[in-house]
Amino acid sequence: MKGLVLKMKWDEVREIYPNKFVKIKILDSHTVDNKKIIDEMAVIKVFEDNQEATKELVKSKYDEVVYHTGNEKIIIELRNIKGYRRIL
């Protein structure tokens with residue numbers, strides 16, 4: 001069924017996809033001390049190797065992330081890059 005989104009918690013993702021890289025869409029999150037804590041997510045894709053997962057991470061949008069299910073929690077450190085400029 002196209003358009004169906006299955007909301008999941010990180011514990012559920014880890015149980016279904018043990019020791020895998022997964023690309024998830026962030027559905028609900030909150031921020032504490034410059035850390036984004038993901039509360040609900042939808043699994044977009046599962047990867048067998050880290051090379052493919054790394055390529056997909058680079059292409060990910062703002063509300064998507066690639067993470068390994070070996071991690072107990074899914075927490076993303078937020079960084080302020082206001083002063084960042086590309087040097088040519």
Side-chain angles (χ1 to χ4, degrees):
M1 183 182 287
K2 190 173 183 176
L4 180 66
V5 175
L6 181 60
K7 289 184 179 182
M8 301 175 79
K9 303 283 186 186
W10 184 239
D11 288 342
E12 295 170 306
V13 175
R14 292 183 71 219
E15 185 176 323
I16 295 169
Y17 306 106
N19 203 32
K20 300 281 185 190
F21 283 97
V22 291
K23 182 176 183 178
I24 62 161
K25 180 170 185 68
I26 300 167
L27 302 176
D28 188 32
S29 66
H30 66 279
T31 305
V32 176
D33 297 327
N34 271 353
K35 294 182 182 180
K36 186 173 193 172
I37 300 166
I38 313 305
D39 300 312
E40 291 186 330
M41 63 210 71
V43 175
I44 299 171
K45 192 170 183 180
V46 180
F47 304 97
E48 294 300 323
D49 64 70
N50 64 350
Q51 196 170 34
E52 185 183 356
T54 301
K55 289 178 186 177
E56 196 66 29
L57 176 62
V58 172
K59 298 188 304 186
S60 294
K61 298 175 185 172
Y62 176 76
D63 62 346
E64 299 172 346
V65 67
V66 176
Y67 219 73
H68 195 274
T69 58
N71 295 300
E72 275 189 50
K73 296 183 181 184
I74 183 164
I75 299 172
I76 301 166
E77 186 175 334
L78 302 174
R79 296 184 182 173
N80 185 350
I81 57 171
K82 286 182 183 176
Y84 177 77
R85 291 184 183 203
R86 184 173 174 189
I87 299 172
L88 300 175

Under a side-chain separation threshold of 4.5 Å, the hydrophobic residues clustered together with Ile44 are none
Which atom of Glu56 lies closest to which atom of Val66, heavy atoms considered: C-CG2, 4.2 Å
Common cluster, Met41/Leu78, ILVMFWY with side-chain heavy-atom separation under 4.5 Å: no
Under a 4.5 Å cut-off applied to non-hydrogen side-chain atoms, are Tyr67 and Ile24 in contact? no
Please give me the minimum heavy-atom distance between Asp11 and Glu72, naming the atom from each residue. OD1-O, 4.4 Å
For the residue pair Val46 and Phe21, establish whether any side-chain heavy-atom pair is separated by less than 4.5 Å. no
Inspect the surroundings of CG in Asp49 and state if more than 12 heavy atoms from other residues, nucleotides or ligands are less than 6.0 Å away. yes
Would you check if the side chain of Trp10 reaches a backbone N or O of Ile75 as a donor-acceptor pair within less than 3.5 Å? no
Answer whether the closest heavy-atom distance between the side chains of Val65 and Lys23 falls below 4.5 Å. no
From CA spacing to verdict: salt bridge (Lys or Arg N to Asp or Glu O under 4.0 Å), Lys20, Glu48: CA-CA 7 Å; Lys20 300 281 185 190; Glu48 294 300 323; 2.8 Å; yes
For Arg14 and Thr69 the tightest heavy-atom approach is NE-O, 2.7 Å
Hey, does the side chain of Glu15 reach the backbone of Glu12 with a donor-acceptor pair shorter than 3.5 angstrom? no
Start with the C-alpha distance between Lys45 and Glu52, add both sets of side-chain angles, then the distance that settles salt bridge (Lys or Arg N to Asp or Glu O under 4.0 Å), and finish with yes or no. CA-CA 11 Å; Lys45 192 170 183 180; Glu52 185 183 356; 3.7 Å; yes
Under a 4.5 Å side-chain heavy-atom rule over Ile, Leu, Val, Met, Phe, Trp and Tyr, are Ile38 and Val43 clustered together? yes
